[in-house]
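Report on the structure given below.
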Amino acid sequence: MLERQIFGEITFKIDGFDISLLAEKLRHVCKVIALYTRSGSLYLTTLGKYERKVKKLVEDDGCVYEEVSRKGIVFKLKKYAKRFGLPVGAIISAAAIFFLSNTVMKIDVKGTDDEKLAGDIKAVLREEGLKPGAYIPSLNFLELSDTLFDKFDSVGWASVGSSGSVVTVNINEARKKPDGESRRIPCNIVSDKDAVIVSANVKVGQLCALLGDAVFKGQLLVSGIIERGDGTVKYYHSYAEIIGRYEETADFRQDYHEEQSEDGDKIYRRSFCIFDAEIPLPGELLDTASEYSVKDSTVPVKLFGLKLPFSVKTYEYSEIIKREREYTYSEAVIKLYRKIRNYERSILSDKKIISRDIDELTDENGVSFRVNYVLEGEIGSSREIFIK
């Protein structure tokens, strides 16, 4: 059946003087699907690929033939064989659809409402080659994600991927204010530290502690439950800035002998994937003597928006460089002071340092600092009010 679909079938009506002898000859030169006589004529149905042999045999025997019917895809295709516009147009259309399915048409930045930040991100991506018209399988999404993370201090996390011809950039801002929905939930403000209240600026809610009061962790500072003069109770989302003075301790350690690991050069390798099989593409060679951390990203090849069983996989190899370091006492102390400075610039950046007292402990392996801080900063923390 499959052979008949591929090659088609053709039926001849043959007339001559000795068609019985011709019938025997036809059985030897072609595959007979049907062979019978009707009203003195011989009818033969055979595969289309035997058409020339049948015609030659009939003519050589002095008989005449007439084509009764042709069936099959091969005969339909032959009708359009000389119409070059159709196959050429089909090829061009398929190529255009394939190209457009794998070409960037739109870049969508998600995770921020800051239009300026979104615009800056698109500008950086454009410089790196990600722009409308770029060929998606040629893009290195891992490298683009790392670039965004490195260039924007306000981006705490970034990921670049594609869906069809749309490239989506998902980011998470390092500090994100509560959205409008969370600001509508009734809540109190409690202290998240043992502290002394230095200042209070209450915009919504009722202050429950006075300036100079010592409060403990978990104590109610601002209430969102307010009773009105008519006896009705209203619930609010408390909003206030409560500054308290409190103590905090931080420990730092520096050994005399230290093994350091740091990232070296990054190498990107690509593979063309067919299902689960990978075909490595030419690229930079890895140093077999080096140690690498590996990340990978896969970009599927698409047609008509559907994923084909082909994809381009990108591997990011980050070289891990390990170094042995020996420090003297003086060098260890200098490094500890640097650690303290970095800690204060990052962790304590939004707090005011009132005082700093350092206790030192030295042993045969290194030096430890315990830093006792007196700080001033925000001590209020929201707690939702659960209404029965």
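If you're wondering where the values come from, they're calculated on a predicted model, not measured in any experiment.
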Atom pairs and distances, donor-acceptor, side-chain atoms in residues 210-220, under 3.5 Å, two or more places apart:
| unit_1 | atom_1 | unit_2 | atom_2 | d |
| --- | --- | --- | --- | --- |
| Asp213 | OD2 | Leu210 | N | 2.9 |
| Gln219 | OE1 | Phe216 | N | 3.2 |

- Message: Between Arg383 and Ser381, is there a side-chain donor-acceptor contact under 3.5 Å, judged purely by atom types and distance?
- Response: yes

- Item | side chain to side chain donor-acceptor pair (under 3.5 Å) partners of residues 363-373, not counting sequence neighbours, each pair once | Thr249-Asn372, Asp251-Arg370, Arg253-Asp363, Arg253-Ser368, Glu344-Tyr373, Asp359-Asn372

- So the side chain to side chain donor-acceptor pair (under 3.5 Å) pairs with at least one residue in residues 114-123 (sequence neighbours excluded) are Lys116-Asp120

- Task: Just jot down the ring pair (Phe, Tyr, Trp, His ring centres under 6.0 Å) partners of Tyr268, sequence neighbours excluded, or say none.
- Result: none

Is there any salt bridge (charged side-chain N to carboxylate O under 4.0 Å, His left out) pair reaching into [range], and which pairs are they, with sequence neighbours excluded?
| range | result |
| --- | --- |
| residues 157-170 | none |
| residues 186-199 | Lys193-Glu248 |
| residues 279-300 | Asp146-Lys295, Glu291-Lys322, Lys295-Glu316 |

Results of salt bridge (charged side-chain N to carboxylate O under 4.0 Å, His left out) for [X] - residues two or more places apart only:
| X | value |
| --- | --- |
| Lys313 | Glu278 |
| Arg245 | Glu376 |
| Lys13 | none |

For residues 38-46, run the donor-acceptor check on the side chains, cut-off 3.5 Å, and write out each pair with its distance to 0.1 Å, sequence neighbours left out.
| unit_1 | atom_1 | unit_2 | atom_2 | d |
| --- | --- | --- | --- | --- |
| Ser41 | OG | Asp15 | OD1 | 2.4 |
| Thr45 | OG1 | Thr11 | OG1 | 3.0 |
| Thr46 | OG1 | Lys31 | O | 2.6 |

- Item | Cluster companions of Leu286 among Ile, Leu, Val, Met, Phe, Trp, Tyr (side-chain spacing under 4.5 Å) | Ile267, Tyr292, Val294, Tyr315, Tyr317

